[in-house]
Amino acid sequence: MSAPLRDPHRLLAGLHKAGVSLELSSLDVCFLAALHLRADQDGLASFDEELVFDIFDQICDLVEPGAENSRKRATHAIQRLREQRMLARVDASGVVSAGEYALTSLAIAIVKSFLDDEQLTRESLALLTGAVISSLGQIRASASRTEGETAWRTNVVSPLRVTVGDLIGGIERRQRGLDGQQEDVQRQIGELLQDDWFGAVDQCQALLDATTGTLQELNEVLMRDSSLIQSLLQEIQQSALAKEAKEAEEAVQRVVEQVDRMTAWGNSRQKAWSGYYLYVHRFLRDVVRLDPDRALSQRLLDQIRAWPSRPFAQIAAADDRIRLLRPVSARGERPPVGRRRVNRDSEVTTVSATDDEVDLEALVRQELRDGARDLATVTRRVLAHITPADRYRTIGRVAAVVAKLARPRSLHERPWITVDDAVEIEDWTIEIGRGEHET
Amino acid sequence: MSGRFASLEDVVQDRTFPAVDVALRRGHHIDRDAADWYAFLSDAQDHLEPFYRRYGCELVKQSEGYFYLLPTGDQLPRRHLTGGEMLVGQTLALQYLDPATLQSGGIVTREQLLTRLASLIGARALAKIFEPRRRRFDNERIVHEIVRARIAEGIRRLASLGFIELVDDERIRLRSPLLRFAEPVRGLSDPAAAMERLVARGEIVFTATTGEATSVRSLDADASAAEDVEDDLNGLPHEEEP
C-alpha cells in the first residue's frame, strides 16, 4: 500500500498540541556526540549505564571542569535526554536494575549535522548522479515489462521512492553542506581582512578561486547529468501512463520535482556566488590594494565626527526639470465673468387636469364584448386608438379598467407579452361572469 | 581613441546615449554594476569629455570605476547634497570600507546604518542637524522619528543619484561611487588642504550651519545666498540656477 499524502496543517497542529520542543545545552550536545563517537569507535549498539556515566564524567571534565555532583548531574542529563527522545532505554527492566541505553535516530541526526562534513565535491556528485542514472536505467527496463499493480509497486514505485529518492536526497543534503561551506568562506574572508588587511589579499583570492572552481565543476556535472536523469524519468512516466499505473506516475513526478530543485540550486548558487566574487574582487582591488595601511577608514571616521562642526556638501548635476517649450505671450486683461440681467420668472397658466378625448372604459368594454380574454389582447387593441405619445401611461389605465370590469386571473409566473413596439406587459387571463361586460 | 566610436556623431547616434546623457545630467553616478552604460561611457569617454565641457561640465571618471558629471560652469543646473544626505553618504562609505560588509556581499540594512550613524554622531545631535529650526529635543520618541525620517529621505536621494541601490524596503546595496564621500581624506595630505583643492575643483562646497539655516559659503560667486537659506529653511535640496 502506498502511504497516503499527509496534510501538513494537521501534522503541524498535532505537533503543537503535543507540545513538541527541544532544549539542548552545549553540554547535552557534547554528551550526545561523545556517545555517538564511542559507539562508532567500539561498534556498540547500546551503552550500559556505567559507560554512560563514565562518558558524562569525561564530558564534564572537558566542558565544565570542577563541576560538583557529576553523578547527580549525569542522572538529570539522562532523564532530560530521555524526555526529549534523544536517549532510549532498551533493556526493558524498568527501575529494578541498571539501564541499557541507545541513541535515538533523532539524536543521531542532530549529532551528525554537527559532526559530519557532508559537502558536495565533484567526485561525490558525479558518483551520486551516476548511481541515480544507473538505478533509473534498471527501473525503466522494469517499467517496460511490468504488469499489474503489485508488480508496479515492487519494481518501480519502491525503487523510485527509496533508492532514487535517497540518492537525490543525499545530493541535496550535500548541497546544503556546500551552502554552509560558502557561508564559512564569506565569513573567513571578512575575518582575514579584518585581521591582516593587505597581507590577507592572496589568501582571500585563493579562497574565492577555490569555491568558484568547485561551483563551476558541480554545475557542469549537474547540467550534464540532470538532462539524462530527466529523460529517463520521462520514459518511465510514459510507460506508467500507457499502463495506467497512477501510483508510479506520482512517484516519478515527485522525483522530477526533486531533480528540478537540485538543478535550480546549482544555477542560483552560481549566480549568487558570481555577484559575491565580483564584489570581493573589486573590494580587494579598489579598497585594499589602494589603501594598504588601512588608514582611509580611520580618516573617514574622523571626517564624519568633524562634519557637524565643519559641514561641507558634494555638488551634483541636477538638470531634472521638464523643459516646456511654451511660446511667450503678453497676458491681456481678462474680462470679468458675468451674464445679462433678465426676468427669469415665467407666467403661470391654467391647463385642464385631463385632456383625454378617448373614452378608455368604453373601448375596453367593447374589446371584452368582442371576445378578448387576456390583458395583452385588450391592451394591444385599445392602444391602436391612442396616440403614440400617450400609449405608455395608458397601459396602466387599461389594466385598471379591465380589473374593474372583469376578474383578472394570473399564473404564478406571469408571461411577458409585447403590446407595442416598445412595451411588454405581464399578462393576465380575464374571466368574465355572465352579463358582466353588459353593465 | 576607442575603436568603437570614430566620432562624436557615432556616440550620439548610439541607442544608449539618450538614457546615459539624461542620467548624467540628473546627477546619476554610473558604475560597473550598470555594465552596458559603463562600457558605453568607457568607450565614448574621449568624445564625451569635450562634448560636456561645452556645457560647462566635466565628465569625471574615478579610479574605483564610476562616472559622473560635475558642473563647473553656469550652463547646467546643479545642487549640493543636504546635510542628511551627506551624513548618510559618509556613513555608508565607511560601511563600504568595512570588511565585515563583505560577508553580505556589500549589503547593509537600514537598521545597521541607523545604529552606526547614531553611534558616530548621537541621536540627539543628528536630530539637531536634521531639524535646525527646532529648539527642544527632550522627547526621545520624536528625536528617533526625526532621525529615521531624514535618514530614509537621504537614502532615497542617494539611491536616485546612483550611490546605492535599494534591494528592498530594508536592505541597501553599497556601490563604489560612495567612495566619493571619502574623497577629502583619500590622500595622505592634510585633509583641510585636500578639501580646499576639492572646493577649487568644484567637487564640494562648504556650508555653514547657523542655527536655523545652512548657506553656501564659497564656490559659487553667482549663486544666490538668499535662495540657499530659503531652500534650507524649507528643508529642500538646494538647487542652483545657471
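Numbered from 1 within each chain, the chains take letters A, B, ... in sequence-line order. These figures come from a predicted structure and were not determined experimentally. Below, each value reflects all heavy atoms present in this structure, side chains not excepted, and no hydrogens, waters or symmetry copies.
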Who among B/Ala100, B/Gly83, B/Cys57 has the most heavy-atom pairs with chain A under 4.5 Å?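 Looking at each of B/Ala100, B/Gly83, B/Cys57 in turn, B/Gly83 comes out on top.
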
Comparing B/Leu24, B/Val22, B/Asp98, B/Leu117 against chain A, the one with the most heavy-atom pairs below 4.5 Å turns out to be B/Asp98

Which bit of [X] comes within less than 4.5 Å of chain A, counting heavy atoms only: side chain, backbone, both or neither?
X	value
B/Ala93	both
B/Ala192	both
B/Leu81	both
B/Leu120	both

Query raised in the report: What part of A/Val280 gets closer than 4.5 Å to chain B, counting heavy atoms only: side chain, backbone, both or neither?
Result: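 Both parts, backbone and side chain.
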
Heavy-atom contact with chain B under 4.5 Å, split by part of A/Leu278
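No part of A/Leu278 comes within 4.5 Å of chain B.
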
Interatomic spacing from [atom1] in [X] to [atom2] in [Y] - rounded to 0.5 Å:
X	Y	atom1	atom2	result
A/Phe312	B/Met195	CZ	CE	4.0 Å
A/Leu300	B/Arg186	CG	CZ	10.0 Å
A/Arg187	B/Ser104	CZ	OG	13.5 Å
A/Ile315	B/Ile204	CD1	CD1	9.0 Å
B/Ile121	A/Trp307	CD1	CH2	8.0 Å
A/Ile304	B/Thr91	CD1	OG1	4.5 Å

Item to check | Presence of salt bridge, B/Arg79 and A/Asp319, under 4.0 angstrom | outcome: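 Here A/Asp319 does not pair with B/Arg79 in a salt bridge, since their nearest N and O are not under 4.0 Å apart.
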
Can A/Arg282 and B/Asp31 be counted as an ion pair, charged N to O under 4.0 angstrom? no

inquiry  = side chain to side chain donor-acceptor pair (under 3.5 Å), that's the test. Do B/Glu203 and A/Gln314 meet it? Break it down for me.
reply    = CA-CA 6 Å; B/Glu203 289 267 359; A/Gln314 276 184 15; over 6 Å; no

**Asked** Under 4.5 Å between any side-chain heavy atoms of B/Gln90 and A/Leu301, yes or no?
**Response** no

Which heavy atom of [X] sits nearest to which heavy atom of [Y], and what is that distance?
X	Y	answer
B/Pro99	A/Arg294	CD-NH2, 3.2 Å
B/Leu174	A/Tyr279	O-CE1, 4.1 Å
A/Ser297	B/Leu97	OG-CB, 3.6 Å

CG/A/Asp209: more than 12 non-hydrogen atoms of other groups inside 6.0 Å
yes

- prompt: Do B/Glu196 and A/Arg310 pass the salt bridge (charged side-chain N to carboxylate O under 4.0 Å, His left out) test, and can you show the C-alpha distance, the side-chain angles, and the key distance before you say yes or no?
  reply: CA-CA 13 Å; B/Glu196 290 298 340; A/Arg310 200 182 183 216; 3.6 Å; yes

Q. Any donor and acceptor pair, going by atom type alone, linking the side chain of A/Arg299 with main-chain N or O of B/Val185 inside 3.5 Å?
A.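 Judged by distance alone, yes, a pair lies under 3.5 Å.
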
